[in-house]
Amino acid sequence: MLKVASWNVNSLNVRLPHVQAWCAAAQPDILALQETKLVDEKFPAEALAEAGYHSVFSGQPTYNGVAILSREPAEPDDIVTDIPDFDDPQRRVLAATIGGVRVIDLYVVNGKEVGSDKYEYKLAWLAAATRWIEAEMKAHERVIVLGDFNIAPEDRDVYDPEAWHEKILCSTPEREALQRLCGLGLTDTFRLFEQEERSWSWWDYRMNMFRRKLGLRIDLVLSSKSLTEACGAAYIDVEPRRQDRPSDHTPVIAEFKI
DNA sequence: ATGGTTGCGTAGCAA
């Protein structure tokens with residue numbers, strides 16, 4: 001069984017103890033991280049190696065930053081840190097082949113507000129990422145695309161769809177961009193299974209949103225066809241969000257019978 | 001329309 005997870009940690013410096021504890025408890029084979037907010041020189045590779053994980057990472061000062069942890073002995077290979085033909089200093093993508101699976105970790109642009117410059121950057125970024133992933137899928141049979149998509153796929157992924165109607169994370173162009181990505185042959189593993197209604201992966205820090213159970217599901221694990229057929233479970237582990245000094249996101253997980 | 005909270009870095013931006 002291959003257990004794969006994604007977690008936006010909102011600073012790995014702050015969240016390293018949370019990641020160590022969660023890995024010890026949940027034992028993921030592969031864990032994709034976003035918003036590490038660490039330059040590569042400061043990545044805690046030794047501490048994670050002591051926990052039994054290889055690390056590959058692509059960071060920058062202050063913002064963004066992605067990493068893929070993989071449980072030994074699988075060695076990450078063929079690492080890619082940039083979308084081809086898309087000039088971008090922001091460290092938002094990381095791909096590696098691990099145990100015959102092409103793992104593509106995405107920290108999708110937030111976009112701030114519909115119509116803003118950042119929104120246009122988000123849509124251009126998504127188009128470029130989709131072109132890249134199309135090529136990756138032609139080159140690899142088993143592909144997992146996971147991360148913080150900063151898009152709620154459907155209204156049922158939003159605590160108040162009317163309030164969020166055509167707002168950032170929910171607008172039609174963003175959802176259509178996600179559909180185009182999924183149209184390459186990728187499936188949102190979470191929806192392969194019956195789930196509790198009102199399941200979220202992110203809750204705003206403000207206004208006691210977590211305690212009030214008001215969030216969005218914007219963190220996804222997508223799988224290519226052969227992996228989708230082998231997917232035995234997909235779920236959200238809300239426990240890390242309950243802990244002291246949590247990330248605003250919680251891990252999302254998929255398990256594959258391979 | 002704005003605010004609220006957290007992280008980084010020590011002001012103000014990003015989310």
Side-chain angles (χ1 to χ4, degrees), chain A residues 6-22 31-44 47-48 57-67 83 88-94 105-126 129 146-153 157-171 173-175 177-178 200-220 236 238-252:
Chain A
S6 173
W7 192 3
N8 179 325
V9 290
N10 185 20
S11 167
L12 185 55
N13 197 35
V14 174
R15 237 64 72 184
L16 178 61
H18 303 69
V19 169
Q20 289 169 311
W22 192 73
L31 174 57
L33 303 176
Q34 304 85 36
E35 282 204 89
T36 55
K37 299 187 175 179
L38 281 174
V39 294
D40 291 347
E41 294 72 30
K42 292 191 177 171
F43 193 90
L48 292 164
F57 40 86
S58 178
Q60 66 178 86
T62 314
Y63 302 117
N64 307 313
V66 284
I83 300 171
D88 190 359
Q90 301 196 19
R91 303 293 80 199
R92 296 181 172 277
V93 304
L94 185 60
D105 180 12
L106 302 182
Y107 174 44
V108 175
V109 176
N110 174 287
K112 190 178 171 73
E113 192 180 353
V114 173
S116 67
D117 288 351
K118 287 182 173 133
Y119 183 74
E120 296 307 318
Y121 167 51
K122 180 177 197 172
L123 295 179
W125 190 96
L126 283 163
L146 75 176
D148 176 359
F149 283 73
N150 270 317
I151 301 170
D157 300 308
V158 181
Y159 69 89
D160 186 346
E162 287 182 22
W164 285 77
H165 180 70
E166 295 300 337
K167 295 287 196 296
I168 197 68
L169 314 186
C170 301
S171 74
E174 292 168 85
R175 286 177 170 172
L178 177 60
W200 323 126
S201 68
W202 168 81
W203 300 257
D204 199 307
Y205 280 126
R206 297 166 285 194
M207 304 292 286
N208 280 314
M209 297 297 262
F210 180 69
R211 191 180 52 73
R212 295 160 62 201
K213 302 186 191 298
L214 304 178
L216 274 64
R217 189 176 71 93
I218 55 176
D219 301 271
L220 311 175
I236 296 171
V238 78
E239 208 50 45
R241 188 65 175 80
R242 297 187 208 282
Q243 293 171 2
D244 285 341
R245 243 191 142 184
S247 170
D248 45 351
H249 297 250
T250 208
V252 298

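Going from the C1' atom of B:dA11 to that of B:dG7 covers 14 Å, rounded to whole Å. Using atom C1' as the reference point in both B:dG9 and B:dG3, the two lie 23 Å apart (nearest Å). A gap of 33 Å separates the P atoms of B:dA1 and B:dT10, to the nearest Å. Rounded to the nearest Å, the gap between the C1' atom of B:dA14 and that of B:dG4 is 15 Å.
In this model, the phosphate group of B:dA14 is approached by a side-chain N or O of A:Lys118 to a distance below 4.0 Å at OP1 or OP2.
Residue pairs satisfying the salt bridge (Lys or Arg N to Asp or Glu O under 4.0 Å) criterion with at least one member in residues 205-218 of chain A, sequence neighbours excluded, are listed as follows: A:Asp157-A:Arg217, A:Asp188-A:Arg217, A:Asp204-A:Arg206.
Using modelled atom types, one side-chain atom of A:Lys122 and one backbone atom of A:Asn150 make a donor-acceptor pair closer than 3.5 Å.
Legend: residues meeting side-chain hydrogen bond (donor to acceptor under 3.5 Å, both in side chains) with A:Glu113, ordered by chain and number and at least two apart, are absent. A search for ring-ring contact (aromatic ring centres under 6.0 Å, His included) contacts involving A:Tyr63 returns nothing, not counting sequence neighbours. Listed by chain and residue number, nothing satisfies the side-chain hydrogen bond (donor to acceptor under 3.5 Å, both in side chains) test with A:Thr36 (two or more places apart in sequence, or in another chain). Every residue meeting the side-chain hydrogen bond (donor to acceptor under 3.5 Å, both in side chains) condition with A:Arg175, not counting sequence neighbours, appears here in chain and number order: A:Asp155.
At whole-Å resolution of the value, CD in A:Gln90 and P in B:dC13 are 16 Å apart. One atom, CD of A:Glu113, and another, C1' of B:dA14, lie 14 Å apart when rounded to the nearest Å. Rounded to an integer number of Å, the gap from A:Tyr107 OH to B:dA14 P is 11 Å. Rounded to a whole Å, the CG atom of A:Asp248 is 12 Å from the P atom of B:dA15. The separation between A:Tyr119 atom OH and B:dA15 atom P is 15 Å, rounded to whole Å. Across the protein-nucleic acid pair, A:Asp117 atom CG and B:dA15 atom P stand 13 Å apart, rounded to whole Å.
In this structure, A:Arg92 reaches the sugar-phosphate backbone alone: every heavy-atom distance under 4.0 Å involves primed, P, OP1 or OP2 atoms, never a base.
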### Task
Using a 4.0 Å heavy-atom cut-off, write out nucleotides 3-12 of chain B from 5' to 3' as B (base contacted by protein), S (sugar-phosphate only) or - (no contact).
-BBSSSS---
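Between the side chains of A:Gln90 and A:Asn64, at least one donor N or O lies within less than 3.5 Å of an accepting N or O.
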